[in-house]
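Data block below; observations after.
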Amino acid sequence: MKVLVVGSGAREHALTWKLGRESAVREVICAPGNAGTAPDAPAPSLDVGDPAALLAYAEAEAVDLTVVGPELPLARGVGDLFEARGRRLFGPGRHAARLESSKAFAKEFMARHAVPTARFRVCRSPDEALAAVEGSEFGFPVVVKADGLAAGKGVTVAPDRAAAERAVREAMVDGRFGEAGRCVVVEEHLSGVEASFFAICDGREAVGLPVAQDHKRAFDGDRGPNTGGMGAFAPSPLMSSALDRRIRHEIVEPVLEGMRRAGHPFRGFLYVGLMLTAEGPKVVEFNVRLGDPEAQVVLPMIAGELAPVLDAAARGALDGSVCEHSDDPHVGVVLASGGYPGRYDTGAAIAGLAAASALDDVLVFHAGTALRDGSVVTAGGRVLTVVGRGRDFPAAIARAYEAEACITFAGKHVRSDIGRKALSAARGVGAPA
Ligand code: AMP
Ligand code: GLY
């Protein structure tokens, strides 16, 4: 089959790499892509936020299966459009995508279907939200979330009432997130360790993938501003088969059942952002796509072919398919442009890519890169993800950092502690009771 991967990050490069080496895949195109996904050709220009443009491209290229990386086209209904035209796409329709595009929808859905999550209040006016944080029934810290898509910036963990009020005003009065902040969710703060659970869903059944852990903050020791993710590792040493069963039974199955009954079967990657609390796993957020950088460590762990599984899921016919995977630790380190997630420069020449890729047990995935006069230059905040594999976490970490050190560009920023949490978890530190 001919596959189109939509997007331009390292997640999409990892999808393109994985699908491109499978026997069922004749050709894979990544659009708009980056210097890694189309090393020998200019990346096709494509507006990922425009479902009609994606459909036109898939039709013109006679694509058999389209796999969508980012949430925006899904939230804009690309799934419905492809379905209406009888063209196969792996990703949910607009209604099911609201699990990610509206936090109020997701919370109310979880309440209706008894999915464990933080206690919350949906507030549709500033007065309502200010009243909710004033005598917070959830105590402090309290969490204030803009309802809509806010590029990862819509969540504030407010230590006290003043900070919570500020967050409410920014979202609902100052319009910092535009439409996305006209409604907010005020919720209980959960303590525990975060983990990312991914399932390939066909509307009825789900195939689980290895569980990963992300590193969201910009600097070592989980300090500094939130980013899209500075690194990830898998498998999470906090997982067990009992916990896996609980997540499927308490979270994934009710979501699939609830969506199916509502007439909007969920077909696509379901990303469950979990907090592993002392009381058990609770949902922090849903996303309707793979995570980035989690995908870069999870996809290389899949031993069998992924394309037939995605194709079956897109047809609503997983029929007991499984995804065999390795348990070897994988650690992915993000190389970012200095200043990210704030302002950063682009256009810096990148050296050492070939040396890094030549190392055993190393994969180099591109994100914000472009070709300029035949050389690869930086073109975004997150530039590359370098993934190391090892027999154990110390070996995987060492591989990833050895490869990372080969690559240089002006202003390069990396966290030096990616994967360290896996070591302490293995010693029993940070594991939920
Ligand atoms: P979200 O976009 O909902 O995933 O939130 C972004 C980040 O904010 C999460 O990854 C958590 O680190 C943090 N967060 C969100 N909700 C909560 C919560 N109820 N308790 C503690 N931390 C939270
Ligand atoms: N790594 C977090 C995300 O993809 O949303």
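Throughout, residue positions are numbered sequentially from 1 according to the sequence presented. Order of listing sets the numbers, starting from 1, for every ligand and every atom in it.
Using a cutoff of 4.0 Å between basic side-chain nitrogens and carboxylate oxygens, Glu285 and Lys145 are not scored as salt-bridged. Contact check on Glu137 versus Arg121 returns a salt bridge, with a Lys/Arg side-chain nitrogen under 4.0 Å from an Asp/Glu carboxylate oxygen. A salt bridge between Asp417 and Arg415 is present, with a side-chain N of the basic residue lying under 4.0 Å from a carboxylate O of the acidic one.
Atoms of ligand 2 lying under 4.0 Å from at least one heavy atom of Tyr271, given by number and element, are 1 (N), 2 (C), 3 (C), 4 (O), 5 (O). Distances below 4.0 Å separate heavy atoms of Val143 from the following atoms of ligand 1: 16 (N), 17 (C), 18 (C), 19 (N), 20 (N). For ligand 2, the atoms closer than 4.0 angstrom to any heavy atom of Gly228 are 1 (N), 2 (C). Within ligand 1, the atoms closer than 4.0 Å to a non-hydrogen atom of Lys216 are 10 (O), numbered from 1 in the order shown. For ligand 1, the atoms sitting less than 4.0 Å from at least one non-hydrogen atom of Lys145 are 3 (O), 15 (C), 16 (N), numbered in the order shown with element in parentheses. Listed by number with element, the atoms of ligand 1 under 4.0 angstrom from any heavy atom of Glu187 are 16 (N), 17 (C), 18 (C), 19 (N). Counting the atoms of ligand 2 from 1 in the order shown, those under 4.0 Å from a heavy atom of Gly291 are 4 (O). Those atoms of ligand 1 that come under 4.0 Å of a heavy atom in Met275, given as number and element, are 21 (C), 22 (N).
Ring centers of Phe138 and Phe120: at least 6.0 Å apart, outside the cut-off.
Ring orientation note: the planes of His264 and His95 are close to parallel, at an angle under 30° on the 30°/60° scale. Relative ring orientation between His113 and Phe109 is described as tilted, the plane-to-plane angle lying within the 30° to 60° band.
Ligand 1 has a nitrogen or oxygen under 3.5 angstrom from a nitrogen or oxygen of Glu194. Considering backbone and side-chain atoms together, Glu294 places an N or O closer than 3.5 Å to an N or O of ligand 2. Considering both main-chain and side-chain atoms, Val155 never comes within under 3.5 Å of ligand 1 through any nitrogen or oxygen pair. Between Arg289 and ligand 2, at least one N/O pair is under 3.5 Å apart.
The proximity of Glu285 to ligand 1, defined as any non-hydrogen pair under 4.0 Å, is limited to the side chain.
Looking only at protein heavy atoms, the nearest one to atom 2 (O) of ligand 1 is Lys103 NZ, 3.2 Å. Of the protein's heavy atoms, Val284 CG1, 3.9 Å lies nearest to atom 14 (N) of ligand 1. Looking only at heavy atoms of the protein, atom 20 (N) of ligand 1 is closest to Leu190 N, 2.8 Å.
The one candidate from Glu12, Gln296, Arg11 that meets the side chain to side chain contact (heavy atoms under 4.5 Å, CB included) condition with Phe365 is Gln296.
Counting heavy atoms only, Asp292 comes closest to atom 4 (O) of ligand 2 of the residues Asn226, Asp292, Asp214.
Summarising the geometry, atom SG belonging to Cys123 is positioned 11.0 Å from atom CG belonging to Asp147; distances are rounded to the nearest 0.5 Å. A distance of 5.5 Å separates CD1 of Ile200 from CZ of Phe90, quoted to the nearest 0.5 Å.
Between the side chains of Ser196 and Asp214, no donor-acceptor pair of N or O atoms lies under 3.5 Å.
Shortest non-hydrogen contact noted between Ala35 and Val376 is CB-CG1, 4.1 Å.
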